[in-house]
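Quantities reported herein were computed from a predicted structural model and do not represent experimental measurements.
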Amino acid sequence: MAAELTAHQLIAQHRPTLDLALETIRTRAYWSPHPEHPKAYGENGSLDTAAGKAAFDALSGTRLDLGQPGTDGWVGGEVSPYGIELGVEYPHADLDVLLPAMQAGQKAWRDAGAELRAMVCLEILRRIADRTMEFAQAVMHTSGQAFMMAFQAGGPHAQDRGMEAVAYAYVEQSRTPETAEWTKPQGKRDPLALTKRFTPVPRGIGLVVGCNTFPTWNGYPGLFASLATGNAVLVKPHPRAVLPLALTVQVARDVLTEAGFDPNLVALAAERPGEGIAKTLATRPEIRIIDYTGSTAFGDWLEANARQAQVYTEKAGVNTVIVESTDDYKGMLANLAFSLSLYSGQMCTTPQNLLIPRDGIRTDQGDKTYDEVTADLARAVDGLLGDDARANALLGAIVNPDVKARLEAAAGLGEVALASHEVANPEFPDAVVRTPVIVKLDGAKPEDEAAYTSECFGPVSFAVAVDSADHAVELLRRSVREKGAMTVGAYTTDPEVEEAVQEVCLDEAAQLSLNLTGGVYVNQTAAFSDFHGSGGNPAANAALCDGAFVANRFRVVEVRRPA
């Protein structure tokens, strides 16, 4: 079948966008081709909220037939954290049939070259962007995010991260020229002359192991980094969050077909209940790249056992904020309250430990004791979430029973400064919605150390009393080194304390945010400018996104011959 999307058409449409992305990752300035406000998607028509909801509702009771080879059955059973059954079935694959079919298309994809691969990837992202409101519903009802967050993080921000990976992949592949004329003088003899051709070649099939909380945001970087560097990609979604990635695979297969490539370059591996195919897939010889977001235990297992693959993991850490002093006490409390509440703390970047000197802190409102700071923060969270409608819009729903269990157990770890309570959601009465808990602990007591040095994923934070700023910095260093951190925050007006915190973060490779009091929060990062993780501490072995994230997904093979 002739390609419906020619290389000329794809390059004419998407090369300007790629050039802007390349310039932005160089300058680290703000830019996004994907609007983050729903109004930008039209009051009516195919892109508006109502149409997206209708498209999502229409999926219920259907089979998402992707036309994959080796389909040996159908699986489903997703239940939204908001209490509704999604009712969508997905193909279950015979891997011995599907994986060879995926490999068959890689030669033509490799030979297409870095530029055309990038253009095809950008067309996939454009088609996904056209369905942003539908994807927002899919993310909302698999992750438990509130709608606005599901729309932003699951839509434009995820698309930005995918495009960022494509840009980095293009940079790294184009670093070496396609051809070179090599001439070496030989004195009185004729020079030695060779013509050399350099080809980026893929490693093999990339496996994306999806997560429950951010299926697209965390899934797109690895998916598009591998695809843009010439690899086929098998997407293994989290069993509770299949739909957003299944729709992504559907779009990718359509675009690949229209562009004249084998659609099996991208495929889905949905699993039966309890099947646990991630370990099986991760050690198959066909799988040469793995991208994983999730628990430390399985991330460590992948790094130790998937020896045939290049493994990129984002695991878990203990995120810390040092509160030493501030010149905007009200702004600091508001910023922290939002950071602790957003998506019920179910983000790998949410602060967990707040290190506060037991003798108190200096502020623009006078000195505040440890107890006053903790009580004022509790009041700030209460004020932010005092209205149920606003609380639901910020908190979303608890994504799984384990998070609820950790939240309930946290109250027994120390003195409760802020108790968690239920919030009713009139639209979704079966949703489990809980406000955060803040527990007071003592950083000098060994019996409290086990609590604040372990990750407690969810809406749980510890206000840890420390002896001094030096003690806080010491605990920060030990925590990042031993447990890892995706984010570190600090509030201080003291240049020496600021310098000490920066040195720890530089030494231990942790991303730092200083004195945030406005509309930017420690648990949010912007594609093309901010790095998500560093790859330099135990929380993650890779950063989203930098050259190292893409460069080892391909190798350069040289063919040389006499000129």
Side-chain angles (χ1 to χ4, degrees), residues 66-72 90-112 114 117 120-121 124 162 165-166 169 172-173 199-210 218-238 242 245-246 248-253 255-257 259 261-271 275-293 298 301-303 305-313 542 549-557:
L66 301 174
Q68 295 182 174
T71 297
D72 60 9
Y90 311 97
H92 182 274
D94 179 339
L95 299 177
D96 291 330
V97 176
L98 180 60
L99 292 175
M102 296 183 71
Q103 290 174 318
Q106 284 195 144
K107 179 183 183 300
W109 187 236
R110 177 201 71 200
D111 293 346
R117 285 196 296 270
V120 172
C121 288
I124 295 169
V166 174
E172 294 303 321
Q173 291 173 98
T199 303
V201 298
R203 278 186 172 270
I205 298 175
L207 172 66
V208 175
V209 182
N218 279 112
Y220 284 4
L223 192 165
F224 285 99
S226 286
L227 192 61
T229 49
N231 305 277
V233 181
L234 181 62
V235 179
K236 203 297 291 182
H238 191 283
V242 182
L245 291 178
T248 301
V249 170
Q250 182 185 55
V251 173
R253 291 175 65 85
V255 172
L256 286 163
T257 299
F261 295 102
D262 190 333
N264 297 319
L265 287 165
V266 179
L268 185 76
E271 57 190 316
E275 187 176 6
I277 62 172
K279 282 189 175 182
T280 302
L281 281 168
T283 53
R284 286 192 64 123
E286 301 96 331
I287 300 299
R288 304 304 302 276
I289 303 165
I290 299 173
D291 287 278
Y292 167 75
T293 299
F298 191 58
W301 185 92
L302 287 171
E303 292 170 3
N305 292 278
R307 308 301 298 175
Q308 85 293 349
Q310 180 71 31
V311 179
Y312 300 90
T313 59
F549 185 69
V550 299
N552 216 14
R553 295 171 191 263
F554 69 95
R555 310 311 298 159
V556 177
V557 174

*asked:* Distance check, rounded to the nearest 0.5 Å: T293 atom OG1 versus H238 atom NE2?
replied: 11.5 Å

_Run the side-chain hydrogen bond (donor to acceptor under 3.5 Å, both in side chains) test against K107 and tell me which residues pass, sequence neighbours left out._
D111

*At their closest point, which heavy atom of R553 faces which heavy atom of G222, and how far apart are they?*
NH1-O, 3.6 Å

*V233 side chain near V208 side chain, heavy-atom distance below 4.5 Å*: yes

*Which atoms form the tightest heavy-atom contact between A225 and V550, and what is the distance?*
CB-CG1, 3.7 Å

*Might you point out which heavy atoms bring L207 and K236 nearest each other, and give the distance in Å?*
CD1-CB, 3.9 Å

*Side chain of W109, backbone of L227: donor and acceptor closer than 3.5 Å?*
yes

*Taking all non-hydrogen atoms of both residues into account, name the closest pair between A270 and Y90 and its distance.*
CB-CB, 4.0 Å

*asked:* With a 4.5 Å cut-off on side-chain heavy atoms, are M102 and E286 touching?
replied: no

*Is the backbone of A267 close enough, under 3.5 Å, to the side chain of Q68 for a donor and an acceptor to pair up by distance?*
no

*Find the distance between CG (N218) and CG (D291) and round it off to the nearest 0.5 Å.*
10.5 Å

_From H92 atom NE2 to T71 atom OG1, the distance as rounded to the nearest 0.5 Å_ = 10.0 Å

*Just by modelled atom types, is the R284 backbone N or O under 3.5 Å from a matching donor or acceptor in the Q308 side chain?*
yes

_How close do A269 and I277 get, counting heavy atoms only, and between which atoms?_
O-CD1, 3.7 Å

*Kindly indicate, with the supporting measurements, whether the criterion side-chain contact (heavy atoms from CB on, under 4.5 Å) is fulfilled by V120 and F261.*
CA-CA 10 Å; V120 172; F261 295 102; 4.1 Å; yes

_Donor-acceptor pair, side chain of R203 and main chain of I289, under 3.5 angstrom_ = no

*asked:* With rounding to the nearest 0.5 angstrom, report the OG1 to CD distance, T199 to Q173.
replied: 11.0 Å

*Taking the six-membered ring for Trp, is the centroid-to-centroid distance between F298 and Y292 below 6.0 Å?*
yes

*asked:* Assess, by modelled atom type and distance only, whether the side chains of T313 and E303 contain a donor and an acceptor separated by less than 3.5 Å.
replied: yes

_I'd like to know if the side chain of R117 and the backbone of R110 have a donor-acceptor N/O pair within less than 3.5 Å._
yes

*Least distance between heavy atoms, F224 atom then C121 atom*: CE2-O, 3.7 Å

*Please round to the nearest 0.5 Å and tell me the distance separating atom OG1 of T248 and atom CG of L268.*
9.5 Å

